[in-house]
Amino acid sequence: MTAKPLPAWRKEFLPLARPTLGEEEIQEVVETLRSGWLTTGPKVERFEGRFKEYLGIQEAVAVSSGSAGLHLALLAAGVGAGDEVITTSMSFAATANAIVLCGAKPIFADCDPDTLNIDLRGVEARITEKTKAIVPVHFAGQSCAMDELMEIARRRAVPLIEDAAHALGTEYKGRKIGALGDMAVFSFHPIKTITTGEGGMVVTSNKEWAERMRLLRFHGISTSAWQRHAGGGSAQYSIQLPGFKYTMMDIQAAIGIHQMDKLDRFVERRAALAGLYCRAFKEIKGARPLGLVSYPQRHAWHIFVVQLELEKLTIDRDRFLDLLKERNIGSGIHFPALHLQPYYQEKWGYRSGDFPNAERASERIVSLPLFPTMSEQDVQDVMWAVGEILARHLR
Ligand SMILES: Cc1ncc(COP(=O)(O)O)c(C=O)c1O
């Protein structure tokens with residue numbers, strides 16, 4: 001059989017994601033470069049202020065990445081050696097690594113097979129006397145069941161620290177993610193809903209935790225370089241505890257300030273494109289998008305994930321990704337289950353078979369291109385490629 005020719009319009013590679021940056025961001029970065037102050041200073045403060053205003057929350061601590069934010073949030077909540085922290089196996093390395101880096105044991109729970117959000121019964125079943133925090137992930141930008149999670153956390157008196165790396169702009173029952181739990185951590189990696197190049201933000205209404213994170217993000221030193229060196233500050237400083245270098249630069253915050261102004265528009269555009277995908281998938285055999293939760297929410301559509309129905313296909317997921325690439329379509333895998341990774345098996349004794357939903361999803365998930373500047377034609381190109389590959393490989 002001769003291969004069907006590719007449509008003439010898809011000559012250029014369509015990436016999985018692309019940041020949306022305008023003149024405003026460029027001008028602010030240039031102004032920062034000219035200002036003489038590049039690292040943590042007035043722009044970081046402005047970005048934190050903008051974030052607090054958006055979420056209606058008291059404290060926002062800007063950091064060098066979402067990963068750094070998770071580490072600091074757990075440390076601020078007092079997680080340390082001998083503690084246990086419950087999280088989902090269906091997440092990025094950073095979620096579980098942060099727990100280990102605090103000296104604690106990562107206790108995985110399975111995910112829901114359709115939404116890939118953490119399984120509530122799994123959380124409840126894994127709580128012990130040693131549990132020091134619960135870390136759910138709002139997978140792909142879809143809100144976890146916050147009422148139930150907060151109820152479990154309150155009943156057991158452990159903090160709920162949300163990995164909200166995918167969930168800036170997400171709402172749960174009309175309230176913004178970040179304004180509900182004890183702490184939430186956002187990421188501004190270029191694939192995320194807004195970017196600062198690299199960067200993250202931890203939000204909380206607990207002043208004490210915020211103060212601790214501010215200390216820990218800069219070597220445990222009580223005054224920032226900006227406070228010391230901007231006109232009139234004292235050059236003296238003292239080290240309160242051994243901290244990290246997890247600060248955000250003003251160059252990064254300069255981008256973030258303007259990205260915040262565009263956030264709601266980005267989410268709307270992502271939702272419109274995701275709507276086109278969902279409609280198109282109704283006509284397709286062999287793959288289906290993740291399920292939507294039944295409670296009211298605003299989905300931030302950080303990524304558009306589908307699960308291949310491998311039982312109906314003659315190829316596996318990795319071959320499917322190769323065929324997409326041959327058709328100039330980028331893709332991703334969010335995520336290979338954490339409990340199947342060599343480190344988590346060798347060090348913490350997790351085994352294949354422990355979390356069947358996460359394992360099943362790991363083999364079937366594909367993230368398709370989704371970013372605000374994508375055109376409707378781009379979505380059609382992706383769907384042409386997906387439809388053609390699946391049709392050719394149905395059993
Ligand atoms: C669920 C999740 N948590 C944490 C992170 C870490 O964020 P960052 O890349 O900003 O360190 C990511 C990044 O992709 C993520 O997907």
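For ligands, and for the atoms within them, numbers begin at 1 and follow the listed sequence. Since this is a predicted model, take the numbers as computed values, not measurements.
Within the 4.0 Å heavy-atom shell around ligand 1 one does not find F139. Ligand 1 lies nowhere less than 4.0 angstrom from a heavy atom belonging to H334.
Taking atom 12 (C) of ligand 1 as the reference point, the nearest protein heavy-atom neighbour is F92 CD2, 3.6 Å. Residue, atom and distance of the protein heavy atom nearest to atom 13 (C) of ligand 1 are K192 NZ, 3.0 Å. In this structure, the protein non-hydrogen atom closest to atom 3 (N) of ligand 1 is D163 OD2, 2.7 Å. In terms of protein heavy atoms, atom 16 (O) of ligand 1 is closest to H166 NE2, 2.8 Å.
Residue H189 has no N or O atom closer than 3.5 Å to an N or O atom of ligand 1. At least one N or O atom of S67, backbone or side chain, sits closer than 3.5 Å to an N or O atom of ligand 1. Ligand 1 has no N or O atom lying under 3.5 Å from any N or O atom of A94, backbone or side chain. Of the polar atoms of S91, none of the N or O atoms is found under 3.5 Å from an N or O of ligand 1, judged by distance alone.
When each atom of ligand 1 is checked for a heavy atom of T95 under 4.0 Å away, the hits are 3 (N). Within ligand 1, the atoms closer than 4.0 Å to a non-hydrogen atom of G199 are 10 (O), numbered from 1 in the order shown.
In summary, E48 and R217 engage in a salt bridge, as defined by a charged side-chain N under 4.0 Å from a carboxylate O.
Taking the six-membered ring for Trp and the full ring otherwise, the centers of F188 and F47 sit less than 6.0 Å from each other.
The side-chain contact (heavy atoms from CB on, under 4.5 Å) test with V267 singles out one residue from T170, L168, T193, and that residue is T193.
Classified by interplanar angle (parallel below 30°, tilted 30° to 60°, perpendicular above 60°), the ring pair H339/Y350 is perpendicular. Classified by interplanar angle (parallel below 30°, tilted 30° to 60°, perpendicular above 60°), the ring pair F335/F92 is tilted.
Taking the centre and axis of the six-membered ring of F186, the NZ or CZ atom of K192 falls outside the cone set by 45° and 6.0 Å.
For the residue pair N97 and Y344, a side-chain donor N or O sits within less than 3.5 Å of a side-chain acceptor on the partner. Side-chain contact, S238 with Q236: no donor N or O sits under 3.5 Å from an acceptor N or O.
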